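Below: one structure, written as C-alpha coordinates.
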Amino acid sequence: MRVFILVIFVSFWGFTNFSVKASDKDVYGRNETEEFNPMDAIIDHISDSHYWHILSYTNKDGQLAEIAIPLPVIIYFRGRLSIFLSGEFNHGTRVVEKGGNYFVLYHDKVYVTGINGNLDLNEDGNPNNERPLDFSITKNVGSMWLSAFFLLWIFIYVARRYENHPSTPKGVQSLLEPIILFVRDDIAVAQIGENKARKFMPYLLTLFFFIWINNLIGLIPIFPGGSNLSGNISFTMMLALITFLITNINGSRNYWRHLFWTPGIPVWVRFFLIPVEFIGLFTKPFALMIRLFANITAGHIIILSLVSLIFVMKTIYIAPVSILLSLVMFMLELLVAVLQAYIFTLLSALFIGLAIQEEH
Amino acid sequence: MELSLTTIGLGMIIIGAGYGIARIAQSAMEAMGRQPEISSKIQTAMIIAAALIEGAALFAIVVTWLVG
(Lines give C-alpha, C1' and ligand atoms only; values in the text may rest on other atoms or scores of the structure.)
Protein backbone atom coordinates (compact mmCIF):
# COMPACT_ATOMS: atom_id res chain seq x y z
CA MET A 1 0.00 0.00 0.00
CA ARG A 2 2.72 2.44 0.98
CA VAL A 3 4.65 1.57 -2.13
CA PHE A 4 1.54 2.33 -4.18
CA ILE A 5 1.21 5.79 -2.66
CA LEU A 6 4.90 6.41 -3.20
CA VAL A 7 4.51 5.46 -6.87
CA ILE A 8 1.61 7.89 -7.24
CA PHE A 9 3.60 10.72 -5.72
CA VAL A 10 6.68 9.98 -7.75
CA SER A 11 4.63 9.97 -10.94
CA PHE A 12 3.16 13.30 -9.87
CA TRP A 13 6.65 14.67 -9.48
CA GLY A 14 7.47 13.45 -12.94
CA PHE A 15 4.85 15.82 -14.28
CA THR A 16 6.08 18.68 -12.18
CA ASN A 17 7.36 21.40 -14.41
CA PHE A 18 9.90 23.98 -13.53
CA SER A 19 8.85 26.88 -15.61
CA VAL A 20 10.25 30.35 -15.83
CA LYS A 21 7.82 32.88 -17.13
CA ALA A 22 8.87 35.25 -19.81
CA SER A 23 6.82 38.15 -18.54
CA ASP A 24 7.46 39.97 -15.30
CA LYS A 25 3.97 39.10 -14.14
CA ASP A 26 3.46 36.18 -11.79
CA VAL A 27 0.60 33.65 -11.94
CA TYR A 28 -1.74 36.02 -10.20
CA GLY A 29 -1.31 38.53 -12.99
CA ARG A 30 0.13 41.28 -10.85
CA ASN A 31 3.31 43.09 -11.68
CA GLU A 32 6.26 42.76 -9.36
CA THR A 33 6.57 46.51 -9.24
CA GLU A 34 2.87 47.00 -8.62
CA GLU A 35 1.42 47.61 -5.18
CA PHE A 36 0.55 44.34 -3.40
CA ASN A 37 -3.20 43.89 -3.51
CA PRO A 38 -4.24 41.69 -0.58
CA MET A 39 -7.79 41.09 -1.83
CA ASP A 40 -6.63 39.75 -5.22
CA ALA A 41 -3.99 37.55 -3.61
CA ILE A 42 -6.53 36.15 -1.14
CA ILE A 43 -9.15 35.45 -3.80
CA ASP A 44 -6.50 33.71 -5.91
CA HIS A 45 -5.51 31.57 -2.96
CA ILE A 46 -9.00 30.40 -2.05
CA SER A 47 -10.21 29.78 -5.60
CA ASP A 48 -9.78 26.67 -7.69
CA SER A 49 -6.84 26.31 -10.07
CA HIS A 50 -5.60 24.36 -13.08
CA TYR A 51 -2.20 24.04 -11.42
CA TRP A 52 -1.32 22.46 -8.14
CA HIS A 53 1.04 25.11 -6.93
CA ILE A 54 3.98 23.99 -4.77
CA LEU A 55 6.24 27.01 -4.47
CA SER A 56 7.49 30.03 -6.34
CA TYR A 57 10.86 31.70 -5.93
CA THR A 58 13.09 34.28 -7.58
CA ASN A 59 15.82 32.57 -9.56
CA LYS A 60 19.36 33.72 -10.35
CA ASP A 61 18.23 35.89 -13.27
CA GLY A 62 15.84 37.72 -10.97
CA GLN A 63 12.81 36.18 -12.64
CA LEU A 64 9.93 34.62 -10.78
CA ALA A 65 10.05 30.86 -11.21
CA GLU A 66 7.26 28.52 -10.34
CA ILE A 67 7.11 24.89 -9.28
CA ALA A 68 3.64 23.57 -9.90
CA ILE A 69 2.02 20.34 -10.98
CA PRO A 70 0.13 20.88 -14.23
CA LEU A 71 -3.26 19.21 -14.05
CA PRO A 72 -5.27 17.77 -16.94
CA VAL A 73 -7.50 20.22 -18.76
CA ILE A 74 -10.63 18.66 -20.27
CA ILE A 75 -12.63 21.14 -22.31
CA TYR A 76 -15.56 20.73 -24.64
CA PHE A 77 -16.05 23.42 -27.25
CA ARG A 78 -18.16 23.32 -30.45
CA GLY A 79 -18.56 19.55 -30.41
CA ARG A 80 -14.92 18.82 -29.80
CA LEU A 81 -13.41 17.40 -26.65
CA SER A 82 -9.80 18.38 -25.98
CA ILE A 83 -7.66 16.84 -23.27
CA PHE A 84 -4.22 18.19 -22.50
CA LEU A 85 -2.07 19.15 -19.51
CA SER A 86 -2.43 22.69 -18.22
CA GLY A 87 1.36 23.05 -18.55
CA GLU A 88 0.69 23.93 -22.20
CA PHE A 89 -0.75 27.25 -21.04
CA ASN A 90 2.57 28.02 -19.34
CA HIS A 91 0.79 29.85 -16.50
CA GLY A 92 -1.43 31.82 -18.82
CA THR A 93 1.32 33.19 -21.01
CA ARG A 94 0.80 30.89 -24.00
CA VAL A 95 -2.11 30.41 -26.40
CA VAL A 96 -3.10 26.79 -26.91
CA GLU A 97 -4.48 25.64 -30.25
CA LYS A 98 -6.77 22.61 -30.27
CA GLY A 99 -8.72 21.65 -33.37
CA GLY A 100 -8.68 25.12 -34.89
CA ASN A 101 -9.79 26.87 -31.71
CA TYR A 102 -7.51 28.96 -29.53
CA PHE A 103 -7.65 28.91 -25.74
CA VAL A 104 -5.96 30.98 -23.08
CA LEU A 105 -5.86 30.71 -19.32
CA TYR A 106 -6.81 33.95 -17.59
CA HIS A 107 -7.18 34.04 -13.78
CA ASP A 108 -7.40 30.24 -13.80
CA LYS A 109 -10.32 30.17 -16.21
CA VAL A 110 -10.12 28.94 -19.80
CA TYR A 111 -11.34 31.40 -22.48
CA VAL A 112 -11.74 31.09 -26.24
CA THR A 113 -9.69 33.66 -28.16
CA GLY A 114 -8.35 34.39 -31.61
CA ILE A 115 -4.91 33.34 -32.77
CA ASN A 116 -3.21 36.30 -31.05
CA GLY A 117 -4.73 35.32 -27.70
CA ASN A 118 -6.11 38.78 -26.94
CA LEU A 119 -8.92 39.00 -24.43
CA ASP A 120 -11.80 41.43 -24.73
CA LEU A 121 -11.95 42.91 -21.22
CA ASN A 122 -14.95 44.87 -20.00
CA GLU A 123 -14.71 47.79 -17.56
CA ASP A 124 -14.67 45.47 -14.52
CA GLY A 125 -11.64 43.67 -15.94
CA ASN A 126 -13.58 40.50 -16.72
CA PRO A 127 -13.26 39.04 -20.21
CA ASN A 128 -16.28 39.02 -22.52
CA ASN A 129 -14.80 36.06 -24.38
CA GLU A 130 -16.70 32.83 -24.76
CA ARG A 131 -15.84 29.99 -22.39
CA PRO A 132 -15.69 26.29 -23.29
CA LEU A 133 -17.40 23.70 -21.10
CA ASP A 134 -14.72 22.93 -18.56
CA PHE A 135 -14.59 19.42 -17.06
CA SER A 136 -10.96 19.72 -16.00
CA ILE A 137 -9.36 17.78 -13.18
CA THR A 138 -8.58 20.93 -11.21
CA LYS A 139 -6.81 21.26 -7.90
CA ASN A 140 -10.06 20.82 -5.99
CA VAL A 141 -10.96 17.65 -7.88
CA GLY A 142 -7.50 16.25 -7.25
CA SER A 143 -7.75 17.09 -3.59
CA MET A 144 -11.18 15.47 -3.40
CA TRP A 145 -9.82 12.26 -4.92
CA LEU A 146 -6.93 12.35 -2.52
CA SER A 147 -9.21 12.66 0.51
CA ALA A 148 -11.62 10.01 -0.80
CA PHE A 149 -8.69 7.67 -1.35
CA PHE A 150 -7.35 8.42 2.13
CA LEU A 151 -10.75 7.76 3.74
CA LEU A 152 -11.21 4.51 1.82
CA TRP A 153 -7.76 3.37 2.83
CA ILE A 154 -8.38 4.05 6.55
CA PHE A 155 -11.90 2.68 6.71
CA ILE A 156 -11.26 -0.45 4.68
CA TYR A 157 -8.33 -1.19 6.95
CA VAL A 158 -10.47 -0.62 10.05
CA ALA A 159 -13.36 -2.68 8.69
CA ARG A 160 -11.02 -5.53 7.88
CA ARG A 161 -9.56 -5.44 11.37
CA TYR A 162 -13.05 -5.70 12.86
CA GLU A 163 -13.67 -8.81 10.81
CA ASN A 164 -10.43 -10.46 11.84
CA HIS A 165 -10.14 -9.29 15.46
CA PRO A 166 -13.66 -8.40 16.60
CA SER A 167 -12.82 -7.94 20.27
CA THR A 168 -9.66 -5.83 20.41
CA PRO A 169 -9.64 -2.38 18.83
CA LYS A 170 -6.12 -1.21 18.08
CA GLY A 171 -4.40 1.87 16.68
CA VAL A 172 -6.47 3.94 14.29
CA GLN A 173 -9.39 1.64 15.06
CA SER A 174 -9.63 2.87 18.64
CA LEU A 175 -9.39 6.44 17.37
CA LEU A 176 -12.31 6.03 14.98
CA GLU A 177 -14.59 3.84 17.09
CA PRO A 178 -15.73 6.58 19.53
CA ILE A 179 -16.30 8.99 16.63
CA ILE A 180 -18.39 6.46 14.72
CA LEU A 181 -20.35 5.66 17.88
CA PHE A 182 -20.86 9.38 18.47
CA VAL A 183 -22.28 9.84 14.97
CA ARG A 184 -24.51 6.79 15.49
CA ASP A 185 -25.81 7.53 18.98
CA ASP A 186 -25.84 11.31 19.21
CA ILE A 187 -26.67 12.17 15.61
CA ALA A 188 -28.41 9.33 13.79
CA VAL A 189 -30.32 7.59 16.57
CA ALA A 190 -31.15 10.83 18.37
CA GLN A 191 -32.61 12.51 15.27
CA ILE A 192 -33.93 9.67 13.13
CA GLY A 193 -34.89 7.08 15.71
CA GLU A 194 -33.65 3.67 16.75
CA ASN A 195 -35.40 1.66 14.04
CA LYS A 196 -34.62 3.67 10.94
CA ALA A 197 -31.23 5.15 11.83
CA ARG A 198 -29.35 2.15 10.50
CA LYS A 199 -30.52 2.78 6.95
CA PHE A 200 -29.04 6.30 6.91
CA MET A 201 -25.86 5.57 8.86
CA PRO A 202 -23.65 5.02 5.77
CA TYR A 203 -24.63 8.41 4.35
CA LEU A 204 -24.26 10.29 7.63
CA LEU A 205 -20.89 8.73 8.40
CA THR A 206 -19.62 9.47 4.91
CA LEU A 207 -20.85 13.04 5.18
CA PHE A 208 -19.21 13.60 8.56
CA PHE A 209 -15.82 12.15 7.71
CA PHE A 210 -15.70 13.52 4.18
CA ILE A 211 -16.45 17.08 5.25
CA TRP A 212 -14.10 16.82 8.19
CA ILE A 213 -11.15 15.46 6.23
CA ASN A 214 -11.64 18.03 3.48
CA ASN A 215 -11.82 20.86 6.00
CA LEU A 216 -8.57 19.64 7.52
CA ILE A 217 -6.82 19.18 4.18
CA GLY A 218 -7.94 22.70 3.27
CA LEU A 219 -6.09 23.99 6.33
CA ILE A 220 -2.73 22.51 5.28
CA PRO A 221 -1.02 25.43 3.59
CA ILE A 222 1.56 23.39 1.66
CA PHE A 223 1.33 20.67 -0.97
CA PRO A 224 -0.53 18.20 -1.00
CA GLY A 225 -3.00 20.38 0.88
CA GLY A 226 -3.63 23.94 -0.07
CA SER A 227 -6.89 23.40 -1.87
CA ASN A 228 -10.02 25.03 -0.54
CA LEU A 229 -12.46 22.25 -1.36
CA SER A 230 -15.09 22.66 1.35
CA GLY A 231 -14.94 26.41 0.77
CA ASN A 232 -16.05 25.81 -2.80
CA ILE A 233 -19.73 26.42 -3.34
CA SER A 234 -20.13 23.70 -5.99
CA PHE A 235 -18.84 21.11 -3.54
CA THR A 236 -21.16 22.17 -0.73
CA MET A 237 -24.02 22.46 -3.23
CA MET A 238 -23.60 18.82 -4.25
CA LEU A 239 -23.57 17.67 -0.63
CA ALA A 240 -26.68 19.73 0.13
CA LEU A 241 -28.35 18.41 -3.01
CA ILE A 242 -27.73 14.80 -1.95
CA THR A 243 -29.24 15.56 1.46
CA PHE A 244 -32.21 17.20 -0.27
CA LEU A 245 -32.77 14.17 -2.50
CA ILE A 246 -32.44 11.65 0.34
CA THR A 247 -34.82 13.70 2.49
CA ASN A 248 -37.50 13.94 -0.16
CA ILE A 249 -37.20 10.45 -1.62
CA ASN A 250 -37.64 8.98 1.88
CA GLY A 251 -40.37 11.47 2.81
CA SER A 252 -43.39 9.80 4.36
CA ARG A 253 -47.01 10.43 3.43
CA ASN A 254 -47.31 12.48 6.58
CA TYR A 255 -44.39 14.71 5.52
CA TRP A 256 -45.93 15.53 2.16
CA ARG A 257 -49.34 16.14 3.71
CA HIS A 258 -47.80 18.62 6.15
CA LEU A 259 -46.13 20.32 3.21
CA PHE A 260 -49.10 20.84 0.95
CA TRP A 261 -52.18 20.48 3.14
CA THR A 262 -51.13 21.22 6.72
CA PRO A 263 -53.67 19.56 9.03
CA GLY A 264 -55.09 21.17 12.13
CA ILE A 265 -55.45 24.74 10.88
CA PRO A 266 -58.29 26.61 9.13
CA VAL A 267 -58.64 25.86 5.41
CA TRP A 268 -57.94 29.43 4.23
CA VAL A 269 -54.66 29.53 6.15
CA ARG A 270 -53.58 26.32 4.40
CA PHE A 271 -53.56 28.17 1.07
CA PHE A 272 -51.18 30.77 2.48
CA LEU A 273 -48.95 28.12 3.98
CA ILE A 274 -48.44 26.19 0.75
CA PRO A 275 -45.97 28.69 -0.77
CA VAL A 276 -44.27 29.20 2.60
CA GLU A 277 -43.77 25.48 3.10
CA PHE A 278 -42.72 25.06 -0.51
CA ILE A 279 -40.00 27.71 -0.18
CA GLY A 280 -38.99 26.14 3.13
CA LEU A 281 -38.35 22.92 1.26
CA PHE A 282 -35.50 24.61 -0.64
CA THR A 283 -34.18 27.01 2.00
CA LYS A 284 -33.10 24.14 4.25
CA PRO A 285 -30.53 22.62 1.84
CA PHE A 286 -29.71 26.14 0.64
CA ALA A 287 -28.74 27.16 4.16
CA LEU A 288 -26.71 23.94 4.50
CA MET A 289 -24.83 24.83 1.35
CA ILE A 290 -24.11 28.45 2.30
CA ARG A 291 -23.27 27.63 5.93
CA LEU A 292 -20.41 25.28 5.14
CA PHE A 293 -19.16 27.43 2.25
CA ALA A 294 -19.27 30.69 4.23
CA ASN A 295 -17.68 29.29 7.38
CA ILE A 296 -14.74 27.69 5.65
CA THR A 297 -14.18 30.55 3.21
CA ALA A 298 -14.37 33.13 5.99
CA GLY A 299 -11.77 31.22 8.02
CA HIS A 300 -9.40 31.03 5.07
CA ILE A 301 -9.85 34.73 4.29
CA ILE A 302 -9.07 35.71 7.89
CA ILE A 303 -5.89 33.62 8.00
CA LEU A 304 -4.73 34.93 4.61
CA SER A 305 -5.51 38.51 5.62
CA LEU A 306 -3.35 38.12 8.73
CA VAL A 307 -0.49 36.78 6.61
CA SER A 308 -1.05 39.58 4.07
CA LEU A 309 -0.45 42.13 6.84
CA ILE A 310 3.29 41.51 6.49
CA PHE A 311 3.21 42.41 2.80
CA VAL A 312 0.88 45.36 3.25
CA MET A 313 2.95 46.92 6.04
CA LYS A 314 6.22 46.00 4.27
CA THR A 315 8.06 45.41 7.54
CA ILE A 316 9.34 42.29 9.23
CA TYR A 317 8.41 43.60 12.67
CA ILE A 318 4.74 42.91 12.04
CA ALA A 319 5.55 39.25 11.32
CA PRO A 320 5.48 37.99 14.95
CA VAL A 321 2.04 39.55 15.47
CA SER A 322 0.80 38.18 12.18
CA ILE A 323 2.14 34.69 12.79
CA LEU A 324 0.80 34.57 16.34
CA LEU A 325 -2.66 35.73 15.29
CA SER A 326 -2.81 33.32 12.36
CA LEU A 327 -1.70 30.49 14.68
CA VAL A 328 -4.63 31.31 16.96
CA MET A 329 -6.92 31.41 13.92
CA PHE A 330 -5.60 28.03 12.79
CA MET A 331 -6.48 26.59 16.21
CA LEU A 332 -9.97 28.04 15.90
CA GLU A 333 -10.26 26.67 12.37
CA LEU A 334 -9.40 23.17 13.63
CA LEU A 335 -12.43 23.48 15.89
CA VAL A 336 -14.57 24.93 13.10
CA ALA A 337 -13.53 22.06 10.81
CA VAL A 338 -15.05 19.44 13.11
CA LEU A 339 -17.93 21.67 14.21
CA GLN A 340 -19.09 22.35 10.67
CA ALA A 341 -18.85 18.66 9.78
CA TYR A 342 -20.93 17.92 12.90
CA ILE A 343 -23.52 20.60 12.15
CA PHE A 344 -23.89 19.54 8.51
CA THR A 345 -24.38 15.91 9.57
CA LEU A 346 -26.68 16.81 12.45
CA LEU A 347 -28.93 18.97 10.30
CA SER A 348 -29.00 16.38 7.51
CA ALA A 349 -30.05 13.78 10.09
CA LEU A 350 -32.64 16.17 11.48
CA PHE A 351 -34.17 16.86 8.06
CA ILE A 352 -34.24 13.16 7.25
CA GLY A 353 -35.73 12.43 10.68
CA LEU A 354 -38.50 14.99 10.17
CA ALA A 355 -39.27 13.67 6.70
CA ILE A 356 -39.57 9.99 7.57
CA GLN A 357 -41.61 10.57 10.72
CA GLU A 358 -44.92 8.72 10.71
CA GLU A 359 -48.10 10.13 12.16
CA HIS A 360 -48.36 9.85 15.90
CA MET B 1 -13.36 50.44 0.83
CA GLU B 2 -16.39 52.59 0.22
CA LEU B 3 -19.33 52.58 2.56
CA SER B 4 -22.36 51.38 0.68
CA LEU B 5 -25.88 50.34 1.58
CA THR B 6 -24.75 46.74 1.14
CA THR B 7 -22.15 47.10 3.86
CA ILE B 8 -24.68 48.70 6.23
CA GLY B 9 -27.16 45.94 5.42
CA LEU B 10 -24.58 43.27 6.16
CA GLY B 11 -23.82 44.91 9.49
CA MET B 12 -27.51 44.94 10.40
CA ILE B 13 -27.85 41.27 9.47
CA ILE B 14 -24.93 40.41 11.73
CA ILE B 15 -26.41 42.42 14.61
CA GLY B 16 -29.73 40.59 14.28
CA ALA B 17 -28.25 37.13 13.92
CA GLY B 18 -25.72 37.73 16.68
CA TYR B 19 -28.45 38.89 19.05
CA GLY B 20 -30.61 35.87 18.22
CA ILE B 21 -27.84 33.33 18.66
CA ALA B 22 -26.68 35.04 21.85
CA ARG B 23 -30.18 34.76 23.31
CA ILE B 24 -30.31 31.06 22.44
CA ALA B 25 -26.90 30.43 23.98
CA GLN B 26 -27.87 32.36 27.10
CA SER B 27 -31.09 30.41 27.62
CA ALA B 28 -29.41 27.11 26.82
CA MET B 29 -26.67 27.72 29.34
CA GLU B 30 -29.14 28.73 32.01
CA ALA B 31 -31.12 25.57 31.31
CA MET B 32 -27.96 23.47 31.46
CA GLY B 33 -27.10 25.06 34.79
CA ARG B 34 -30.51 24.11 36.15
CA GLN B 35 -30.57 20.62 34.70
CA PRO B 36 -27.04 19.42 33.94
CA GLU B 37 -28.25 15.85 33.39
CA ILE B 38 -30.01 16.71 30.11
CA SER B 39 -27.36 19.13 28.88
CA SER B 40 -26.57 17.07 25.76
CA LYS B 41 -30.20 17.29 24.65
CA ILE B 42 -30.23 21.02 25.31
CA GLN B 43 -27.01 21.41 23.36
CA THR B 44 -28.49 19.67 20.31
CA ALA B 45 -31.63 21.81 20.50
CA MET B 46 -29.46 24.91 20.87
CA ILE B 47 -27.42 24.08 17.79
CA ILE B 48 -30.54 23.40 15.75
CA ALA B 49 -32.14 26.70 16.78
CA ALA B 50 -28.88 28.58 16.14
CA ALA B 51 -28.59 26.91 12.75
CA LEU B 52 -32.09 28.05 11.82
CA ILE B 53 -31.26 31.66 12.71
CA GLU B 54 -27.96 31.36 10.90
CA GLY B 55 -29.82 30.03 7.88
CA ALA B 56 -32.05 33.10 7.80
CA ALA B 57 -29.02 35.35 8.22
CA LEU B 58 -27.12 33.61 5.44
CA PHE B 59 -30.15 33.95 3.21
CA ALA B 60 -30.19 37.71 3.84
CA ILE B 61 -26.42 37.93 3.27
CA VAL B 62 -26.73 36.20 -0.09
CA VAL B 63 -29.60 38.48 -1.11
CA THR B 64 -27.62 41.61 -0.15
CA TRP B 65 -24.65 40.23 -2.00
CA LEU B 66 -26.67 39.62 -5.16
CA VAL B 67 -28.53 42.95 -5.02
CA GLY B 68 -25.69 45.21 -3.89
Side-chain angles (χ1 to χ4, degrees), chain A residues 37-40 42 181-193 204 208 231 233 236-237 240 243-244 276 279-298 301 305 312 335-336 338-354, chain B:
Chain A
N37 187 343
M39 206 56 218
D40 286 354
I42 288 170
L181 288 182
F182 169 75
V183 173
R184 189 189 71 188
D185 295 338
D186 285 14
I187 298 180
V189 172
Q191 305 302 333
I192 299 175
L204 295 174
F208 182 78
I233 198 140
T236 59
M237 188 180 81
T243 294
F244 175 74
V276 174
I279 294 169
L281 195 63
F282 297 101
T283 50
K284 281 187 265 178
F286 183 80
L288 273 185
M289 167 180 92
I290 302 285
R291 182 178 299 112
L292 183 58
F293 162 73
N295 273 290
I296 302 302
T297 306
I301 289 177
S305 310
V312 172
L335 176 71
V336 169
V338 66
L339 190 69
Q340 287 307 318
Y342 167 62
I343 288 179
F344 201 107
T345 318
L346 176 71
L347 288 174
S348 294
L350 180 80
F351 297 153
I352 293 170
L354 286 176
Chain B
M1 192 180 283
E2 62 193 270
L3 189 69
S4 63
L5 274 177
T6 318
T7 332
I8 297 171
L10 283 172
M12 285 167 74
I13 294 165
I14 299 303
I15 290 173
Y19 180 71
I21 292 175
R23 283 293 301 273
I24 292 169
Q26 181 198 0
S27 318
M29 279 173 195
E30 280 167 2
M32 280 182 209
R34 277 195 217 103
Q35 285 163 300
E37 62 275 8
I38 56 159
S39 58
S40 66
K41 273 186 182 171
I42 295 171
Q43 199 174 14
T44 314
M46 175 186 83
I47 288 176
I48 290 165
L52 291 176
I53 290 187
E54 205 189 28
L58 290 170
F59 204 78
I61 288 172
V62 170
V63 170
T64 20
W65 186 23
L66 292 177
V67 171

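What you see is a predicted model, and the numbers here were worked out from it, not measured in a lab. Chain letters run A, B, ... following the sequence lines, proteins first and then strands; every chain starts at 1.
- Once rounded to the nearest 0.5 Å, the distance linking CD of B/E54 with CG of A/N295 reads 5.5 Å.
- Looking at residues two or more places apart in sequence or on another chain, you find no side chain to side chain donor-acceptor pair (under 3.5 Å) involving A/Q191.
- Other residues, nucleotides and ligands place more than 12 heavy atoms under 6.0 Å from the CZ atom of A/F182.
- For residues 43-53 of chain B, a heavy-atom distance under 4.5 Å to chain A picks out B/T44, B/I47, B/I48, B/A51, given by residue number.
- Using a 4.5 Å cut-off between heavy atoms, A/I290 touches chain B through backbone and side chain atoms alike.
- Counted within 6.0 Å of CG on B/L5, heavy atoms from surrounding residues, nucleotides or ligands total 12 or fewer; the atom is thus considered open.
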